[in-house]
Protein chains: 2
Amino acid sequence: MILNDRKIKILEAIINDYVATAEPIGSRTIAKKYNLGISSATIRNEMSDLEELGLIVQPHTSAGRVPSDKGYRLYVDHLMHSRELTGAETKALKELVNQNLNHIDYLMKQTAKVLSMLTRYTTVVTEPKGREIKVKHIQLVPVDERSVVCVVVTDNKVIKNHVISCRLAPDMDELNRISAMFNMLLKQCDIMTLDEKSLDAITEKFGGYKELAADIAEAVKRTVEEEEDVQFYASGVNNILDFPEFSDVGKARSFFQAFEEKKMLITLFGQNPSGTPGKIQIVIGGENNMEELKDCSIVRANYKYGNNTYGTIGVIGPTRMNYSQTVSLLNAIVKSINNVIKASEDEDNGG
Amino acid sequence: MILNDRKIKILEAIINDYVATAEPIGSRTIAKKYNLGISSATIRNEMSDLEELGLIVQPHTSAGRVPSDKGYRLYVDHLMHSRELTGAETKALKELVNQNLNHIDYLMKQTAKVLSMLTRYTTVVTEPKGREIKVKHIQLVPVDERSVVCVVVTDNKVIKNHVISCRLAPDMDELNRISAMFNMLLKQCDIMTLDEKSLDAITEKFGGYKELAADIAEAVKRTVEEEEDVQFYASGVNNILDFPEFSDVGKARSFFQAFEEKKMLITLFGQNPSGTPGKIQIVIGGENNMEELKDCSIVRANYKYGNNTYGTIGVIGPTRMNYSQTVSLLNAIVKSINNVIKASEDEDNGG
DNA sequence: GTTAGCACTCATCTCTCGTGAGTGCTAACT
DNA sequence: AGTTAGCACTCACGAGAGATGAGTGCTAAC
């Protein structure tokens with residue numbers, strides 16, 4: 001059976017209507033609302049064909065039709081045209097990049113917030129990660145007589161604090177001296193690849209502060225491990241409650257529960273190595289293999305951050321999602337933050 | 001009408017049963033389940049009296065009775081006996097304090113997590129705050145050519161990072177010099193009380209780094225402001241969905257929405273100056289004046305952290321809450337973390 | 001003061017039936 | 001051959017009618 005122009009028009013009508021109303025659409029509704037110049041009976045015949053093609057389904061015998069996952073797939077792959085951003089949307093994006101987002105954490109958080117606000121779906125942003133993270137610099141800072149904080153700065157500009165307890169904290173000058181020694185060490189070797197013995201040999205050099213040195217090494221290692229572990233920011237998780245698909249508390253609960261599982265988040269939003277940065281990827285309904293999320297779709301894109309370092313921005317909402325709006329917004333936002341990041345990198349290199 | 005022993009027994013039976021089942025309790029149920037040695041008819045008469053006293057209410061004519069806010073109030077004030085902790089509970093608390101919680105942030109987060117896990121209610125912990133926060137120490141750390149991070153350590157041991165952008169970041173030695181100068185300055189005067197002009201005069205001294213100095217001052221001020229603003233950790237917010245009281249999505253939604261409003265959180269969980277640390281406070285149902293939370297109760301306590309510095313731990317759940325368990329757990333947890341904090345303070349002073 | 005008995009209330013469940021949206025099929029029309 | 005009007009059929013949904021049962025209040029007797 002051939003998918004002619006008229007069938008496509010009808011499929012589009014069904015998708016548009018269903019996205020807006022969440023109600024199955026009947027042939028008469030299409031005949032009345034969309035002036036296709038054909039009667040409801042003809043539309044019925046065409047709908048029967050569309051169902052045979054697996055593009056739409058009937059929830060029950062005497063109901064209208066709703067798009068199937070396959071129908072949405074056809075739509076997003078071939079029929080959907082990108083939408084212009086509205087004034088409000090453009091304005092919100094401008095405000096986002098104009099904020100002084102000099103810390104990657106804030107940039108991620110704000111991005112998630114803005115995107116979830118504009119789409120009314122749930123947004124997840126992952127911190128940019130690559131395979132090899134290097135520690136650029138550490139600095140010890142006094143806290144009190146019994147503890148110092150070790151500030152670790154990585155080459156992807158993440159800054160982490162680790163409090164270290166010690167019997168008697170060295171004074172500031174001493175801390176600066178130790179920090180400097182450690183920074184020298186960091187330049188010479190990759191602390192992550194050192195085994196216990198070599199590490200012991202090195203901390204030996206620190207003489208009186210052997211224990212402290214070991215703790216610092218530990219803090220540095222932990223930072224790298226934490227960094228190589230993916231970090232998520234989610235925003236608008238509760239928005240899901242606004243959709244009739246989740247008006248059943250059990251469903252909402254299982255959505256939230258799925259969201260608390262990191263493994264699931266990594267599968268859905270962890271960076272996809274094969275994905276070219278900027279390219280939008282769409283996962284529709286059951287295409288993700290998670291029972292709890294079979295009525296959800298994910299729209300996501302990687303953004304580039306430094307060499308071989310990617311983060312992901314993703315939007316998750318009901319399968320009945322406004323794909324065209326979501327894709328347009330995600331496109332725009334990825335472009336924006338790529339520019340912000342690029343600008344800051346150029347500054348680094350040019351300055 | 002006098003509240004005799006028998007009436008009290010009946011009230012307790014109603015509360016216990018209702019907390020467990022969330023169903024209105026009838027006279028026959030009480031007669032069968034609790035061997036009070038009286039018939040259902042007598043219980044009916046007593047229940048009629050209890051209703052007249054405003055301690056229980058009838059949802060509708062032919063239903064059993066449920067405790068009123070006033071009934072719960074009487075219960076928690078006079079009838080409730082503290083419950084022994086179970087083995088699992090004791091174990092979880094021990095694990096909490098045994099973790100190396102050397103950073104106040106982690107301690108708060110873990111506390112919230114453990115308490116929400118044990119109670120299955122929502123837990124909110126506020127960072128310890130006092131009126132006057134002093135900045136003890138700052139340290140500049142290089143990030144890249146165009147930015148440095150300013151690490152601020154306050155006297156309540158909170159550590160905050162602020163990224164500062166500058167045209168050309170000074171090298172490490174220079175940063176250490178500037179940090180040292182600033183730390184001197186911090187000892188001499190309270191940076192928060194300085195007006196624009198005096199601040200200008202001081203940053204003048206920094207010569208070439210006037211701009212940077214101003215940014216540092218800004219970062220320090222921001223830290224103090226952020227610190228004086230209350231910070232919350234919530235855990236188990238989704239637990240509310242497990243209660244039939246919130247099986248209506250609308251209700252759940254409005255609970256979540258209320259929870260996103262900081263003002264509300266401050267009212268409910270912000271430290272209560274009049275509350276003695278360790279003393280448990282209970283707010284039942286409509287006693288908080290928030291329409292969205294009129295079916296919720298709050299159990300909270302302040303814990304002491306340093307001089308005149310208090311944080312709050314609070315549990316929020318349905319009015320039909322297991323008060324006795326919650327109070328016992330909260331008591332134990334407040335004691336535990338007070339001990340942890342005390343130990344670390346003693347170390348400070350003794351070491 | 002306590003209790004058995006009884007009439008009464010009312011939420012809840014089930015069943016039925018009417019309604020209406022929607023379909024599929026067929027026959028007639030273009 | 002494609003299109004359309006017509007019609008029988010399906011089925012979710014809502015309203016209404018009982019039936020059920022948990023629970024109450026009242027009264028009279030113990």
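Lettering follows sequence order; numbering is per chain, from 1.
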I'd like a list of close polar pairs between nucleotides 12-22 of chain D and the protein, N/O only, cut-off under 3.5 Å.
none

(Q) Going by the rule salt bridge (Lys or Arg N to Asp or Glu O under 4.0 Å), which residues pair with Arg44(B) if we only count those two or more places apart in sequence or in a different chain? (A) none
**Q.** For Ala22(B), all residues meeting side-chain contact (heavy atoms from CB on, under 4.5 Å), sequence neighbours excluded
**A.** Pro244(B), Arg320(B)
**Q.** Residues forming a salt bridge (Lys or Arg N to Asp or Glu O under 4.0 Å) with Glu46(A), sequence neighbours excluded
**A.** Arg6(A), Lys7(A)
Q: Could you tell me which residues satisfy ring-ring contact (aromatic ring centres under 6.0 Å, His included) with Tyr18(B), sequence neighbours excluded, listed by chain and number?
A: none
Q) Can you name the ring-ring contact (aromatic ring centres under 6.0 Å, His included) partners of Phe232(A), sequence neighbours left out? A) none
Q) With Phe255(A), which residues qualify under ring-ring contact (aromatic ring centres under 6.0 Å, His included), at least two apart? A) Phe246(A), Phe259(A)
Q: Give each stem of DNA chain D as a range with a range, requiring at least 3 consecutive Watson-Crick or G-U wobble pairs whose two distances are under 3.5 Å.
A: C:1-30 with D:1-30
**Q.** Residues that Arg83(A) engages under salt bridge (Lys or Arg N to Asp or Glu O under 4.0 Å), provided they are two or more places apart
**A.** Glu89(A)
Between the protein and nucleotides 4-8 of chain D, list the N/O to N/O atom pairs that are separated by less than 3.5 angstrom.
from: dT4(D); atom 1: OP2; to: Ser39(A); atom 2: N; distance (Å): 3.1
from: dT4(D); atom 1: OP2; to: Thr42(A); atom 2: OG1; distance (Å): 2.5
from: dG6(D); atom 1: O6; to: Arg44(A); atom 2: NH2; distance (Å): 3.4

Q | For Glu292(A), all residues meeting salt bridge (Lys or Arg N to Asp or Glu O under 4.0 Å), sequence neighbours excluded | A | none
Q: Could I get the full list of ring-ring contact (aromatic ring centres under 6.0 Å, His included) partners for Phe256(B), not counting sequence neighbours?
A: Phe256(A)
